Amino acid sequence: MAALGAAVSVITTDGPAGRHGITATAVCSLSDQPASLLVCVNRSSRMHQVLARNGVFAVNVLAAGQEEISRLFANPARDMAERFDLAGDLVETSVHAPGLAAAQITVACAVTMMIEASTHSIVMGEVQQIVGGQGQGALIYYKRDYHALR
């Protein structure tokens, strides 16, 4: 799968189970009526439990040059509060999942369904809001390295 290039996103959530965020490349469009997308999350991860309880998430699509934000949210040794503090300014979304102001775009979603598939769950969300960010270009992960598309 290293040969399958993918956009890099940070998935964030907040609610009764607390604030949480992870880096992900398993994100894609699902439908345009209603506008929906999906993310795949490991069922053994803390994020899976938090998403199931919070019922909302935001997909923060990272821009070219934002490798450090990706690494920050991918590092299990980093405290969650520290991840958000170091990521920069946050944007409040309509679903109360934190958006990253530095991202290229933030898509806020309400969870509509979670389907277990092997070690992961496919988390489907209906788009509630799209917030334009500050970043430009795209950050792609390909062959185990970051690449910028301008």
Side-chain angles (χ1 to χ4, degrees), residues 1-15 17-42 45-48 50-76 78 80-115 120-150:
M1 295 309 293
L4 178 62
V8 181
S9 297
V10 171
I11 310 305
T12 56
T13 186
D14 201 355
R19 182 177 280 184
H20 204 76
I22 61 168
T23 298
T25 55
V27 177
C28 73
S29 170
L30 177 62
S31 170
D32 63 351
Q33 292 296 323
S36 303
L37 52 77
L38 64 83
V39 299
C40 297
V41 178
N42 192 310
S45 73
R46 172 89 175 113
M47 180 58 143
H48 186 273
V50 173
L51 264 177
R53 186 150 179 237
N54 287 349
V56 297
F57 63 93
V59 174
N60 299 275
V61 180
L62 296 185
Q66 295 182 328
E67 296 89 348
E68 287 308 311
I69 294 175
S70 173
R71 287 186 181 98
L72 180 65
F73 281 90
N75 185 347
R78 286 274 191 190
M80 199 53 62
E82 183 181 26
R83 292 182 197 189
F84 282 97
D85 287 345
L86 294 173
D89 293 337
L90 299 178
V91 175
E92 181 70 26
T93 65
S94 62
V95 299
H96 305 295
L100 304 179
Q104 184 180 136
I105 195 164
T106 298
V107 182
C109 299
V111 174
T112 56
M113 189 180 304
M114 293 177 77
I115 299 173
H120 285 61
S121 281
I122 302 164
V123 182
M124 292 172 248
E126 188 172 321
V127 175
Q128 304 296 306
Q129 179 185 25
I130 298 173
V131 180
Q134 301 166 356
Q136 297 295 314
L139 181 63
I140 303 297
Y141 196 71
Y142 172 70
K143 294 219 174 177
R144 302 193 192 321
D145 201 5
Y146 294 100
H147 302 274
L149 298 179
R150 301 273 172 208

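Along the sequence shown, the residues carry numbers beginning at 1. This one's a predicted model, so the numbers in the text were calculated from it and none came from an experiment.
You'll find the side chain of Asp145 reaches within 4.5 Å of the side chain of His147, heavy atoms only. Taking 4.5 Å as the limit, every side-chain heavy atom of Val10 sits out of range of all side-chain heavy atoms of Ser70. A heavy-atom distance below 4.5 Å is found between the side chains of Leu100 and Leu90. Counting only heavy atoms from C-beta outward, the side chains of Ile115 and Met124 approach each other to under 4.5 Å. In this structure the side chain of Val61 reaches within 4.5 angstrom of the side chain of Ser9, judged on heavy atoms. Inter-residue side-chain proximity for Ser45 and Ile22 is flagged as unmet; no heavy-atom pair is nearer than 4.5 Å. Leu51 is listed as a side-chain neighbour of Val41, based on a closest heavy-atom distance under 4.5 Å. Between Met80 and Val50, the closest side-chain pair of non-hydrogen atoms is not below 4.5 Å.
With values rounded to the nearest 0.5 angstrom, His96 atom NE2 is found 16.0 Å from Phe57 atom CZ. Considering CD of Gln134 and CD of Gln66, their distance stands at 9.0 Å, rounded to 0.5 Å.
For the side chain to side chain contact (heavy atoms under 4.5 Å, CB included) with Arg83, the qualifying choice from Leu72, Thr23, Asn75 is Leu72, the only one to do so.
The two residues Leu139 and Gly65 have their closest heavy-atom pair at CD1-N, 4.5 Å. In terms of heavy atoms, Ala108 sits closest to Val95 at CB-CG2, 3.7 Å.
Judged by distance alone, the side chain of Gln129 and the main-chain N or O of Ser94 form a donor-acceptor pair under 3.5 Å.
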Residue pair Leu37, Val107: steps toward the side-chain contact (heavy atoms from CB on, under 4.5 Å) verdict: CA-CA 9 Å; Leu37 52 77; Val107 182; 3.7 Å; yes

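Open room surrounds CG on Asp89; 12 or fewer heavy atoms of other groups in view lie less than 6.0 Å from it.
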